[in-house]
Number of protein chains: 2
Amino acid sequence: MPAPTLASDTRTAILDAAAGLFARQGLDSTTIKEIGRAAGVNPALLYYYFADKAALYEAVLERLMTRFPDRLAEVAVREAPVRDAIAAVVHMQAEVFLSEPLLPRLMARELADHEARRAAPVIRSHAHRLLSALTNLISRGQQRGEFRSEVSPELAAVSCLAQLNWFFIAGPALELILNREGVTREPDAVHRFAQHVVEFTLAGLERR
Amino acid sequence: MPAPTLASDTRTAILDAAAGLFARQGLDSTTIKEIGRAAGVNPALLYYYFADKAALYEAVLERLMTRFPDRLAEVAVREAPVRDAIAAVVHMQAEVFLSEPLLPRLMARELADHEARRAAPVIRSHAHRLLSALTNLISRGQQRGEFRSEVSPELAAVSCLAQLNWFFIAGPALELILNREGVTREPDAVHRFAQHVVEFTLAGLERR
DNA sequence: GTCTATAGCGGGATAGAC
DNA sequence: GTCTATCCCGCTATAGAC
């Protein structure tokens, strides 16, 4: 891994190209030559910057997940009123997926592959932090008497996260089905859905 | 496609083995020889029963989707009170995924691959019917004054379906994260989540 | 750091015996 | 219907010139 000189945006070019191809086609369906072509770089160069194809794949995942703001989980703890914290988490999630459109596809693939056994630890640990932050948040809401106590905080957290996750994974198909070009990519439409998720989730949680 | 003689459970064996491998690894990462091994059948036989690998893949999808009860969408129309209809749809969805555990993974992969461009038409049309049935259902609930009218019926339908879909797609990972072996496969645990989804969704929809 | 050439392997698919 | 043998191709990865 060479120093980040100017010349080594070759490395970046490879990473960028690979991210797109891996997200769209998966690891095995993507060839070295394809990556080289997409990056505008000699395919053999890949082996100068990375040990092999698998290492490149790991690097791609790592890089995307690192950009993935840790703030997501932090936000869940920081915001004062519980309902604001939940809203913040959902909108932050939308923000992340908007700025990193490849992430949901890559994650979906990782989840589906190999019983998630090889699902990058980085994904697993992130998901775990996020899920337990949300679970705690909901518990707190219950203790304060704001939320109904019959709901399982853990299941409710899954319900909350599932909505946006699925929205983005099924994105391309949803656009066809709903017959609305861009609903899962245009910031306005996405935030409208995120806002819906917030309201829907809070309505599902709050005392009547 | 030979007559369904006794001898042709060879064909079935191939389909079964292929379904598992495709769901877990995808089309390209699964080799002919692997399928043969898993099916306990000579790999070359694959070409006696199917034109090529792609044709086998289509056959696998077709077969799984056909087992997928059309009743799912019908149920949405048939049940009398709106809330019962929603409950019926969600539990039916759980039932289908339980009896066809490969389906969600296969669907997730189809969605992630190739911008869903080649997402089997059969998936698309099914999803469309289900989604619009649910949307109509929710609209009806609003007209009857049972549901809040600020909610977009279409978005709410997405929220409702997303929960179980995501639950099953992320299943293997969720089991690791929640540290609960089997939550996404054992009928009891699954129906408990389905029941949660029903209550959560109705709470999100109903007037306070 | 970048490029060419190529080794070497494993994949899909077919021919043809049984 | 099943099996063996094999062709051919394209892929990953490397060696080595520049």
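Every chain is numbered from 1 and lettered A, B, ... according to where its sequence line falls, protein lines coming before strand lines. Note that the coordinates shown come from a computational prediction; the quantities given were computed from them, not determined experimentally.
An OP1 or OP2 oxygen of C:dT4 is reached within less than 4.0 angstrom by a side-chain nitrogen or oxygen of A:Asn42. A sub-4.0 Å separation between OP1 or OP2 of D:dT2 and a side-chain N or O of B:Thr10 is present.
Side-chain proximity of B:Tyr49 to the nucleotides C:dG1, D:dG1, D:dC11 is greatest for D:dG1.
In this view, A:His191 and A:Glu95 satisfy the side chain to side chain donor-acceptor pair (under 3.5 Å) rule, not counting sequence neighbours.
The CG-P distance, from B:Leu45 to C:dG12, rounds to 16 Å in whole Å. Per the geometry, CZ belonging to B:Phe50 stands 16 Å off C1' belonging to C:dG12, to the nearest Å. Summarising the geometry, the separation between CG on B:Asp9 and C1' on D:dT2 is reported as 14 Å, rounded to the nearest angstrom. One interatomic measurement links the two molecules: OH of A:Tyr48 to C1' of C:dT2, which rounds to 10 Å at whole-angstrom precision. Taking atom CG of B:Asp28 as the reference point, atom C1' of C:dG10 lies 14 Å away to the nearest angstrom. A:Ile35 has its CD1 atom 11 Å from the C1' atom of D:dT12, to the nearest Å.
Counting only N and O atoms by type, the side chains of B:Thr135 and B:Glu154 include no donor and acceptor under 3.5 Å apart. No side-chain donor from either of A:Asp28 and B:Gln25 sits under 3.5 Å from a side-chain acceptor of the other. For A:Ser152 and B:His196, the side-chain atoms include no donor-acceptor pair closer than 3.5 Å.
By the 4.0 Å N-to-carboxylate-O rule, B:Asp16 lies close enough to B:Arg63 to be salt-bridged with it.
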Fill in the blank from the handout: Counting primed atoms, P, OP1 and OP2 as sugar-phosphate and everything else as base, the B/S/- map of nucleotides 13-18 of chain C against protein heavy atoms under 4.0 Å is BB----
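Pairs engaging residues 15-41 of chain B under the ring-ring contact (aromatic ring centres under 6.0 Å, His included) rule: B:Phe22-B:Tyr57 [sequence neighbours left out].
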